[in-house]
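Proteins get letters first, then strands, A, B, ... in listed order; numbering begins at 1 in each.
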Amino acid sequence: MSVRVRFAPSPTGLLHVGALRTVLFDYLFARNKGGQLILRIEDTDRTRYNPESEQEFVDTLRWVGIQFDEGPHVGGPHAPYRQSERAAEGIYAKWIAELEAKGHAYKAFETSQELEEMREFQQINKQPLGYFGGDWRDASPEKVEAAIAEGKPYVIRQKMPRDKKIVVQDLIRGRIEFDSNTLPDPVLIKADGMPTYHFAAMVDDHLMGITHVLRGEEWISTSPYHWTLFEMFGWQPPIFVHCPVIVGKDGKKLSKRHGATRVLDYMAQGYMKGALKNFIALIGWAPGDDREVYEDEQELIQAFSIERLQPSPGQFDMEKLRWLNGHRIRLMSPEEILAEIEGLLAEAHTVQYWENFVDEPMPNQKPIDGKEVLGKVQFLVKRAHEDRDYVLKAIKEERERVGSLVDFGDACEFFIVADDSLNYDPKATAKWFTGQAHVPALFDFLTACCENGTFGADTPAEEYENAIKDYFASSGLDKLGPIVHPTRVALTGKTVGPGLFELMAVLGPERIKNRVARARTMLS
RNA sequence: GGCCCGGUCGUCUAGUGGUUAGGAUGCCGCCCUUUCAAGGCGGAGGUCGCGGGUUCAAGUCCCGUCCGGGCUACCA
């Protein structure tokens, strides 16, 4: 039988990295097995429903490049794929009626206040918490009829078996045993007529022919309800796969204080979908050999095996993500990198993210100005429209020292900025300009080279190197540093960056001349 | 409290009775070099949560224990 898996988010908020990992596993598994991936929207809780949420899922999944074979936006043989719409079609009503007829479900008429009091009583008397039958599990038909006739609101509960060992099979943990006497009767249909997750998800999983249910491990404790529901209907249960959670640096569930949790925020920060997916797949899964870089997604799909999922929770290590992202950038051509940066800026969320960015600066770090970060990347793209070849050369030189796409904004800035608005780092000028007697002559030499054609428009880096080393030989200096460093500061305003000769070849004589002239005015 | 799940270098992990416990990241050093990186090479870092057992042999099997986490809603 063909593998069918589903991603079934509840549209209550944003799509975070934990959920991404679950869909990723769904996706990798489905593609590896040549099966189908289904999107189902679990919008049965009207109180928590967030109308923008579904769009968030669609945007995020589109960005990461996970496509569904069936779902609300692509249709399919089991439509509709939103549970609110399925409820309206009477799907759940039909199946709950069958369950009641079989005696596996019953109506319960307690008010929420009565349930509250019951819980308090249980707490005080150290009894197991939960609804184990109350007045209604074994109520006579007449009593139930009377309550209905009175118009009392009710829920429908699952009549859990008693004195029974319930064994749930989990693919990565094996048998999980529960004593049915510790399991209260869960609500299947709420007073508003809507099904709970426990009911709707299982009915749909069966109806949609789902073979493997991948979900977070927080569902383990409710899995015996789900398992027995399948037994009550006489349906073949799917294979349950409870994925471990992703936690933050302190071992607690990943939250805002660990950094971004929203998947789209990683996009905005310049992490590429391929790197993110590669990284996230490796939390809780490993191929078994020592491989961990998958440049080609097809290879990741091929390597993926659901049996190799791990049961223990994993931490989200930003440093490693950054490394993987940078590694991937280095594998790309400047053209590909520029295209990625342009694509990134075309995403509305990127702009929104940086414009509203509020940094929580670490103890002794200067805060990040989101608008400045964005501005630099936007400037890079703007300059790319004006002079694409030039910007590509700058990207090529800076490719070695970035961890994310947005880093190029700052890294390439000195290349693309107008000569008269280049920023000079005061510490750099203080170190290499002031009190350096040989620097004026050096600047004269550089200017002369620009004017006499030694530095031409197409002069390669090696010739810049030869010219400067010749000058060094005749200068009487014993180290190349005093020549190279002031030149670097004059041309870039910084002490760090690409190789001097390479960056000179990119800048060309015009810019070199202008910048040296400006630097000269800063000599004191 | 009850019921479940988990526990190998800081982190992600390999490992299914016999390995000097391997790889990656991060950290440190060396090489390269005009700087910062990148890259190459090397190093430190693990009494496999702890305690018992089984066995000639245990990270691997069994029991206990501790710690962490989840659930205990008419939320998912």
Give the table of side-chain donor-acceptor pairs shorter than 3.5 Å for residues 276-283 of chain A, with sequence neighbours excluded, one pair per line with atom names and distance.
residue, atom, partner, partner atom, Å
Lys277(A), NZ, Val64(A), O, 2.6
Lys277(A), NZ, Glu297(A), OE1, 2.6
Asn278(A), OD1, Tyr294(A), N, 2.8
Asn278(A), ND2, Glu292(A), O, 3.0

Using atom C1' in both nucleotides, what's the gap between rA57(B) and rG17(B) to the nearest angstrom? 7 Å
Separation of rC5(B) C1' from Ile166(A) CD1 (nearest whole Å): 17 Å
Applying the 3.5 Å cut-off to both distances, the Watson-Crick or G-U partner of rC67(B) turns out to be rG6(B)
If you look at every heavy atom in Lys396(A) and Pro334(A), which pair is closest and at what distance? CB-CG, 3.7 Å
Is there a side-chain contact between Tyr271(A) and Met318(A) (heavy atoms, below 4.5 Å)? yes
Pairs in or reaching into residues 486-504 of chain A: which pass salt bridge (Lys or Arg N to Asp or Glu O under 4.0 Å), with residues at least two apart or in two chains? none
Can you check the distance between rC63(B) and rG68(B), where both ends of the measurement are the P atom (answer in whole Å)? 23 Å
Salt bridge flag under 4.0 Å for residues Asp185(A) and Arg162(A): yes
Interatomic distance, Lys277(A) NZ vs rC12(B) P [rounded to whole Å]: 23 Å
Expressed in whole Å, how much space separates the C1' atoms belonging to rU25(B) and rC4(B)? 33 Å
Does the ring centre of Phe316(A) sit less than 6.0 Å away from the ring centre of Tyr266(A)? yes
Walk me through it: do Tyr106(A) and Trp136(A) pass the test ring pair (Phe, Tyr, Trp, His ring centres under 6.0 Å)? CA-CA 7 Å; Tyr106(A) 62 95; Trp136(A) 300 98; 9.1 Å; no
Would you mind telling me which of rC3(B), rG6(B), rC12(B) lies closest to the side-chain atoms of Gln315(A)? rC12(B)
Contacts of Lys126(A) and Glu177(A) projected onto RNA chain B by closest heavy atom; the upstream (5') one is Lys126(A)
What string of B, S and - do you get for nucleotides 18-39 of chain B, 5' to 3', if B is base contact, S is sugar-phosphate-only contact and - is no contact with any protein heavy atom under 4.0 Å? ----BBBSS-------BBBBS-
Check the surroundings of atom CD in Glu52(A): do more than 12 heavy atoms from other residues, nucleotides or ligands lie under 6.0 Å from it? no
With salt bridge (Lys or Arg N to Asp or Glu O under 4.0 Å) as the rule and sequence neighbours excluded, what pairs involving residues 221-231 of chain A come up? Lys164(A)-Glu231(A)
Please work out which residues in residues 278-287 of chain A have a non-hydrogen atom less than 4.0 Å from an atom of RNA chain B and list them by number. Leu282(A), Ile283(A), Gly284(A), Ala286(A)
What integer distance in Å separates Asn181(A):CG from rC4(B):P? 12 Å
OP1 or OP2 of rU13(B) versus the side-chain N and O atoms of Gln310(A): is any pair under 4.0 Å? yes
Determine the Euclidean distance between corresponding C1' atoms of rG6(B) and rC41(B); express it in Å to zero decimal places. 38 Å
By the 4.0 Å heavy-atom rule, please label Arg322(A) as base, sugar-phosphate, or nothing. nothing
Given the P atoms of rU11(B) and rC50(B), what is the spacing between them in whole Å? 14 Å
Determine the Euclidean distance between corresponding P atoms of rG15(B) and rC75(B); express it in Å to zero decimal places. 42 Å
rA24(B) and rA14(B), which share atom name C1', separated by this distance in whole Å: 11 Å
Sticking with atom C1', work out how far rG49(B) lies from rG7(B), rounded to a whole angstrom. 6 Å
side-chain hydrogen bond (donor to acceptor under 3.5 Å, both in side chains) between Tyr197(A) and Asp45(A), intermediate numbers included: CA-CA 9 Å; Tyr197(A) 171 90; Asp45(A) 183 3; over 6 Å; no
Could you tell me the Watson-Crick or G-U partner of rC48(B), where both distances fall under 3.5 Å? Say none if there is no partner. none
Salt bridge (charged side-chain N to carboxylate O under 4.0 Å, His left out) for Arg119(A) and Glu116(A)? Distances and angles first, verdict last. CA-CA 5 Å; Arg119(A) 262 193 296 275; Glu116(A) 191 73 31; 3.5 Å; yes
Base contacts versus sugar-phosphate-only contacts with protein, heavy atoms under 4.0 Å: please encode nucleotides 69-76 of chain B as B, S and - from 5' to 3'. SBSSSBBB
What is the base-pairing partner of rU16(B), counting Watson-Crick and G-U wobble geometry with both distances under 3.5 Å? none
For rU54(B), the nucleotide meeting Watson-Crick or G-U wobble distances (both under 3.5 Å) is none
With both distances under 3.5 Å as the test, what is the Watson-Crick or G-U wobble partner of rG1(B)? rU72(B)
Steps toward salt bridge (charged side-chain N to carboxylate O under 4.0 Å, His left out) verdict (Arg215(A), Asp205(A)): CA-CA 13 Å; Arg215(A) 34 141 69 156; Asp205(A) 284 342; over 6 Å; no
Please state how far atom CG in Leu309(A) lies from atom C1' in rU13(B), giving the value in whole angstrom units. 14 Å
Protein-nucleotide distance (Leu183(A), atom CG; rG2(B), atom P), rounded to Å: 16 Å
Any strand is fair game: report the nucleotide pairing with rC36(B) by Watson-Crick or G-U wobble, both distances under 3.5 Å, or none. none
Full working for side-chain hydrogen bond (donor to acceptor under 3.5 Å, both in side chains) between Gln113(A) and Thr111(A): CA-CA 5 Å; Gln113(A) 196 175 5; Thr111(A) 63; 5.2 Å; no
Looking at Gln169(A), I want to see if its CD is surrounded by more than 12 non-hydrogen atoms of other residues, nucleotides or ligands under 6.0 Å. yes
When both distances are under 3.5 Å in a Watson-Crick or G-U wobble arrangement, the nucleotide paired with rU60(B) is none
Gap between atoms OH and P, on Tyr225(A) and rC4(B) respectively (whole Å): 12 Å
